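Predicted, not measured: the structure shown is a model, and the values here were computed from it.
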Amino acid sequence: MDDLAALTSEPASAELGVVEANAAVEQARDRWRTACWDGAARATRKAGRYIAVLAFDAGGMRVVSGIDEIRDASDPVIAQCLRQNLGALRIPAPGRPVRVEVPFALP
C-alpha cells in the first residue's frame with residue numbers, strides 16, 4: 001500500500017512544482033518589466049511574447065534557465081535583457097526535478 005501511495009502522490013508533487021514555477025515567473029515579471037521594458041529605448045522597444053524555460057531540482061533550486069523568443073512576436077533586445085536579468089528563481093521543494101516552459105508577455 002505504501003508503494004501505491006507514493007505513486008499516486010508523485011504527480012501531485014510534480015503539479016505543485018509546475019504551479020509554483022508559473023507563480024515564480026509571474027512574480028519576476030514586475031522586476032523584468034522594470035529592468036528590460038522600462039529600461040529600453042522607447043523609440044525602438046516593442047511589446048513581445050516570450051517563454052521562460054526553467055528546470056528546478058528536487059529541492060526547488062533553479063538548475064537550468066533560458067528565455068525563448070517567439071518569432072515575429074518578440075523584441076530581441078528585450079529578450080537579451082531578460083536573459084541577463086533572470087535573477088534567483090526558486091520554488092518550494094517539489095520532491096523531484098521539474099521542467100517548465102512558461103509563456104509570458106511584456107510589457
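Across every non-hydrogen atom of R83 and I67, the tightest pair is NH2-O, 3.0 Å. A pairwise comparison of heavy atoms in G17 and I91 identifies O-CD1, 3.7 Å as the closest pair. Scanning all heavy atoms of the two residues, the minimum distance from F104 to R29 falls at CB-CD, 3.9 Å. In terms of heavy-atom proximity, C36 sits nearest to I78 at O-CG1, 3.9 Å. Closest non-hydrogen pair, A28 versus L89, comes out as CB-CD2, 3.9 Å. The two atoms that bring R49 and S74 nearest to each other are O-CB, 3.4 Å, heavy atoms only.
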- Query: Stepwise, does the side chain to side chain contact (heavy atoms under 4.5 Å, CB included) test hold for V100 with V25?
  - Reply: CA-CA 11 Å; V100 295; V25 167; over 6 Å; no
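Rounding to the nearest 0.5 angstrom, the gap separating the CH2 atom in W37 from the SG atom in C81 is 12.0 Å. One distance of note links CZ of R96 with CZ of F56; it measures 14.5 Å at 0.5 Å rounding. Atom CG in L54 sits 14.0 Å away from atom CZ in R90 (nearest 0.5 Å). Atom OH of Y50 sits about 9.0 Å away from atom CD1 of I70, to the nearest 0.5 Å.
For the pairing with D75, the side-chain contact (heavy atoms from CB on, under 4.5 Å) check across Q80, R45, E69 returns one residue only, R45.
Applying the side-chain contact (heavy atoms from CB on, under 4.5 Å) criterion to E101, with sequence neighbours excluded, gives I51, V53, R99. With sequence neighbours left out, the salt bridge (Lys or Arg N to Asp or Glu O under 4.0 Å) criterion links E20 to no other residue.
By the criterion of side-chain heavy atoms lying less than 4.5 angstrom apart, applied directly or through intervening Ile, Leu, Val, Met, Phe, Trp or Tyr residues, V77 is not grouped with L86; the two fall into different hydrophobic clusters.
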